[in-house]
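Remember, it's a predicted structure, so these values are computed and weren't measured experimentally. Ligands are counted one by one from 1 in listed order, and the atoms in each one are counted from 1 as well.
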Amino acid sequence: MPTLTRSPWTLRDSEKLYRISGWGDPYFRINAAGHVEVTPQGMQQQEPGIDLYQLVTDLVARGLQLPLLIRFPEIVADRIGRICGSFQQAIERFGYPNVYRGVYPVKVNQQRHLVEEVVNHGRAYHFGLEAGSKPELLIALALLDTPEALLVCNGYKDRDFIETALLAQRLGRTPIIVLERLQELELVLEAADKLGIDPILGVRAKLSAQGIGRWGTSAGDRAKFGLTATDILQVVERLRKAGKLHCLRLLHYHIGSQISMVSVHGRAVREASQIYIELVKLGAPMGYLDIGGGLGIDYDGSQSTNHSSQSYSLEDYAATVVQTVLTTLEPHGIQPPILVTESGRALMSHQSVLVFDVQDINAASPYPMPTQLTSDAEVIQKLNQLYYEIQPDSLTADYRRCQELKDAALRQFTEGSLSLQERAQVERLFWNCSDKICTLAYEQHQAGHPVSVDLLDLDEMLASIYYGNFSLFQSLPDSWAIDQVFPIMPIHRLDQEPRQWATLADLTCDSDGKINRFFGDDGQITSVLPLHDPDGEPYLLGVFLGGAYQEILGDLHNLFGDTNAVHIRSRPGGYRVSQVIKGDTISEVLSWVQYNSEDLAETLHHATEAALQQGQISLSEARSLQRHFEDNLRAYTYLH
Ligand SMILES: *Cc1c(COP(=O)(O)O)cnc(C)c1O
């Protein structure tokens, strides 16, 4: 195994290797004990935070099993403060004559305690909610009681949705119905007529400015949502005809998520400001400009324009928006609108950490070079000889030769001319040759010599597989669905050099349930993650920045259910557990697929009785099987 050669190993080396000061700032860092430390209020570096390893150890001692999702609601509060603070600052700096009103898109994480945190902590900022479906509307309607906060209704709507939103005005709420499709307008007009309530209307525009990367197609002509210029003009005329043009108050757009360049935001808000001006000139009162989400976060910690990064700060974002709207509207003498954003990812990603234990390791080849060969087959002799002839200046050719010999050997095995013992020797020789080539290639690479990527890619083949006690499909679905990369690192032993190169596998029986894309220490994607040898001790890994979207997108593949979750708040000198939300039991996940646990237990009982009658099972075995079955129904779906 190519080992990293930096000694003595320091905390600084771990910090650099896992880039925690890049993506972790200001909530995660390494403490003097070599553990990950959480500072939920984005504290100054001097103040002590919560020792994540100690916290997990305590929680496990209280009987909570891993994997464990740990949420820090104070991080949500801090994010709201930072986003609102940035807009407030920009508004003061540019003398913007209006205010900022953020809304939180509930779809990003609907967990009740988190939405409550947004509402409660957001109250001081008149922070609102955005709903994109009927269930989300009901959440927002029930929870949001902040005067002046907006309740933005996006998504496709039916009559029910619209009437509910309209009636919410009677509670003193400010529901804004954003038209996503032309057809919704007639429904709104009918409902308004029937209820005698004037709607507060918005239109979602399809901008030509587009995001980039994974979510780049959320805008543009072929986007799923939004109105074209022609549609918008039709809305205005229809409203005018109905005598309801005074209801049109908001212009909305959303050009996609995780936008890594502030110039992309700048272009979009510029284009939207022009539409806003036109709408005012057409006679709509307007008053709100809602620029959607897209505020990125720095997953790889590189502060770059990588799709997984973010090359601008919150302050840059707010300043760009405020200044662009101001300078675009000013020459037209149009009153600048209330600015609305719908940041989801930027608000929720940092708040949770998934911690799981490594159950097992599969070393790529635990076998050293054979000291003596027990076969005189020609391919085996040649592979053995090749091992001793590998040279730094012929690595590519050596590797090709090594593969040829292995392929030839496998052919001979299939034809029946090599034995299973001989095939095993070939495997061992091939692995040791590859390991030597990869080690030399890395040495060359580190010394600054050009090395073929194929050789560097050998690291994945040579890496050990670490089996984690988690389900990728339940806890990190985007890692599977869209190849998103999350920062992953051990939460302890950071004062020690990680000497194993690893890829991760989850508990599911799906070969896609693996992680082999990580951020390397240069911010580029690598296929292996340096980890420690657990050496028979519990070894805990943390997955960070997964607080947005992952929880609700997660599924029950292989019937691994929701993980245990806890909410942690800091208090002077420590922490307190504010919520414990037990993960699914086996009985619960079985009920999702229509199995009744009692029926299952009963069926097993009959089978056991029958086996007893026939003398196939002893009484104590029968009792033991029945007990295992029933205990398991009540148990956590993950490994103990
Ligand atoms: C999903 C969504 C958001 C949130 O986007 P982020 O990039 O996560 O901030 C905002 N607005 C709308 C309309 C959305 O669909």
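Residue Lys206 forms a side chain to side chain contact (heavy atoms under 4.5 Å, CB included) with just one option from Thr228, Asp231, Ile232, and that option is Thr228. When Ile482, Asp483, Leu476 are each tested for a side chain to side chain contact (heavy atoms under 4.5 Å, CB included) with Ser479, only one passes: Leu476.
Side-chain rings of Phe127 and His121 stay apart, their centers remaining 6.0 Å or farther from each other. Separation of the Phe544 and Phe28 ring centroids falls under the 6.0 Å cut-off. The six-membered or imidazole ring of Phe225 lies near that of Tyr156, with a centre-to-centre distance under 6.0 Å. Checked against the 6.0 Å centroid criterion, the rings of Tyr299 and Trp23 do not qualify as a close aromatic pair.
If you look at ligand 1, the protein residues with a non-hydrogen atom under 4.0 Å away are Pro105, Lys107, Glu130, Asn154, Arg204, His252, His254, Ser257, Gly293, Gly294, Glu342, Ser343, Gly344, Arg345, Tyr549.
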